[in-house]
Q: 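To start, I am sharing the structure in question, which I have written as structure tokens.
Below, chains carry the letters A, B, ... as their sequence lines are ordered, and counting in each starts from 1.
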Amino acid sequence: MDLIELKDINFEYEKGEPVLTDFSLTIEEGSCVVIRGDNGSGKSTLFRILNGLSFGGSGEYLFKGTKIDAEYLKDNSGAKRFHKAIGYLFQNPDTMLFNSSVYDEIAFGPRQMGLTDEEVDERVIDCLKLFDIESLKDKVPYHLSGGQKKMVAFAAVIALDPEVLVLDEPFAGLDQKKIDWLLGFLKELKAAGKTLIIATHRDDVNEGLADKTIELKIPASE
Amino acid sequence: MLPDWLKKTEDYAPPSDGGAFLYKTLVSLGRVMSGLKAEAGKEGRFELPAWLKLILMIALIILTSVTQSRLVIMACGAIVLVRLALLPAESMPGILKAAIFAGILAAILYTPAVIMDHGLLGNGIRLVVKVLICVTAVGLFGRTTQWNHVTAALRKFHIPGVVIFTIDITFRYIVLLGKLMEDLLTAVSLRSVGKNNKKYSSVGGVMGVTFLRGTEMNKEMYEAMQCRGFTDDYKGL
């Protein structure tokens with residue numbers, strides 16, 4: 001079943017400078033799609049569209065058959081359900097961390113989901129263990145190293161238990177040990193039925209993980 | 001090994017939550033701040049030098065402000081309107097919005113005086129027109145002059161380096177901090193999937209991080225400039 005369908009999306013920030021031109025993409029549930037492309041080829045724009053943060057000038061975005069546009073996301077309940085279903089890891093984790101402790105950062109999403117305190121605590125502890133960041137539990141995210149921030153930001157996204165994970169350069173800023181662990185973790189997530197959309201320049205992601213690789217090209221200006 | 005809750009598919013119904021006003025206001029503020037970059041400085045092919053434009057703008061503002069002659073005010077207004085008409089259509093709304101806002105504000109402030117003395121109506125209208133002309137002139141200057149040319153022009157008038165440096169850095173940082181705040185609030189909204197009982201705490205966190213990042217960026221940039229030979233003597237470009 002197609003979980004995500006982008007049909008003939010056209011997007012431009014300024015007139016005559018297209019970023020995406022007649023771009024179409026279908027992503028099946030439980031699959032892994034790797035997005036590649038040079039800087040300025042539209043990866044971040046595509047991710048913004050997938051997360052309902054930007055909308056193409058023309059074309060259609062369907063998520064589970066529902067058209068995602070500004071009108072749909074005006075409905076608070078629909079927007080929240082959509083954002084719960086799609087977890088977005090920003091390329092720069094600095095722009096994701098705003099709480100006073102790592103625990104609160106990870107608990108931010110689950111606390112809003114109507115879970116009991118015990119369930120929230122269980123999720124946060126599980127995430128801390130999963131990402132091997134238990135020792136950072138009470139630390140202020142702002143003062144962590146780049147790699148640690150990335151782990152905390154990813155843990156905060158995972159704590160929402162999204163169906164789709166949109167990961168913008170998830171390996172950037174990590175040491176080799178963490179990269180190896182992350183590759184294994186992503187394979188586990190895929191095996192658990194999660195849909196993965198990853199922007200990366202790494203070739204090793206293709207091995208045993210990627211079902212489809214999309215190469216974005218920088219469009220010519222008019 | 002994934003925990004059980006991560007393996008299951010949740011049938012999620014979000015609890016209702018009101019009070020998005022604060023977020024929306026801050027997102028708008030961030031957009032305005034980060035949008036300053038887009039608004040500033042698109043020079044045409046046959047543009048006057050920045051220093052000359054700066055002199056003309058100041059002269060026009062002084063002339064408009066001090067004159068009592070209707071003819072001079074109309075002439076200044078005509079100059080501003082002609083220059084405005086030469087701009088691309090997409091540049092006009094931003095300049096006009098700011099001018100109209102300032103004009104309305106001036107009218108509101110002057111209204112009590114007119115109510116008390118109807119004879120001041122003519123003066124009130126003149127004041128509003130003057131405000132419209134001056135704010136449009138400033139908008140035109142900002143819209144048609146690149147920021148580094150503005151700092152170079154200020155340098156030409158022997159304004160102390162530290163003043164130019166402060167103005168320059170403030171302008172650049174407003175843009176960067178606005179973008180950071182906008183991104184942070186986007187991240188907050190993407191993870192706000194239900195009822196947030198600690199809205200003020202989240203907003204406080206965003207403001208705190210923006211402040212910390214601003215301080216850090218300031219320090220980093222100053223150090224980077226020192227490494228490249230900066231000796232507190234700011235020469236612009």
Q: Select one option (side chain, backbone, both, neither) describing which atoms of E216(B) are under 4.5 Å from chain A's heavy atoms.
A: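 Side chain only.
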Q: Looking only at heavy atoms, what is the nearest atom pair of P14(B) and S77(A), with distance?
A: CG-O, 3.5 Å
Q: Would you say CZ of F157(B) has more than 12 non-hydrogen atoms from neighbouring residues, nucleotides or ligands within 6.0 angstrom?
A: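 Result for CZ/F157(B): enclosed.
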Q: Between the side chain of K84(A) and the main-chain N/O of G194(B), is any donor-acceptor distance below 3.5 Å?
A: no
Q: Evaluate the side chain to side chain contact (heavy atoms under 4.5 Å, CB included) criterion for residues L190(B) and V157(A): first the C-alpha distance (whole Å), next the side-chain angles of each, then the deciding distance (0.1 Å), finally the verdict.
A: CA-CA 10 Å; L190(B) 287 181; V157(A) 172; over 6 Å; no
Q: Tell me if the CD atom of E71(A) is crowded by more than 12 foreign heavy atoms within 6.0 Å.
A: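 12 or below, so no.
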Q: In Å, rounded to the nearest 0.5 Å, how long is the span from CG of L6(B) to CD of E188(A)?
A: 9.0 Å
Q: Measure the spacing between CG of L53(A) and OG of S189(B) and express it to the nearest 0.5 Å.
A: 7.0 Å
Q: Residues two or more places apart in sequence or in another chain: which of them pass side-chain hydrogen bond (donor to acceptor under 3.5 Å, both in side chains) with T215(B)?
A: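 side-chain hydrogen bond (donor to acceptor under 3.5 Å, both in side chains) check on T215(B) returns nothing, list empty.
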Q: Determine the option with the most heavy-atom pairs under 4.5 angstrom with chain A, choosing from T210(B), D183(B), V209(B), L184(B).
A: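 If we count pairs closer than 4.5 Å to chain A, L184(B) comes out on top.
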Q: Return yes when atom NZ of K178(A) has more than 12 non-hydrogen atoms of other residues, nucleotides or ligands closer than 6.0 Å, and no otherwise.
A: yes
Q: Side chain, backbone, both or neither: which part of F82(A) has a non-hydrogen atom closer than 4.5 Å to chain B?
A: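 For F82(A), there is no contact with chain B at all, as no heavy atom is under 4.5 Å.
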Q: Are the side chain of K7(B) and the backbone of A192(A) linked by a donor-acceptor contact shorter than 3.5 Å?
A: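 Between the backbone of A192(A) and the side chain of K7(B) there is no qualifying donor-acceptor contact (under 3.5 Å).
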Q: For side chain to side chain contact (heavy atoms under 4.5 Å, CB included), just list the numbers for S192(B) and Q112(A), CA-CA rounded to whole Å, side-chain angles, deciding distance to a tenth of an Å, and then say yes or no.
A: CA-CA 7 Å; S192(B) 296; Q112(A) 301 185 32; 3.7 Å; yes
Q: So if I take each residue of residues 90-106 of chain A and look for any heavy atom under 4.5 Å from a heavy atom in chain B, which residues do I end up with?
A: F90(A), D94(A), T95(A), M96(A), L97(A), F98(A), N99(A), E105(A)
Q: For K129(A), is it the side chain, the backbone, both, or neither that has a heavy atom closer than 4.5 Å to a heavy atom of chain B?
A: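 Contact with chain B is absent: no heavy atom of K129(A) under 4.5 Å.
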Q: Which answer fits D126(A), side chain, backbone, both or neither, if we ask what part of it has an atom under 4.5 Å from a heavy atom of chain B?
A: side chain
Q: W5(B) and E122(A): which non-hydrogen atoms are nearest, and at how many Å?
A: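 Minimum heavy-atom contact is CD1-OE2, 4.1 Å.
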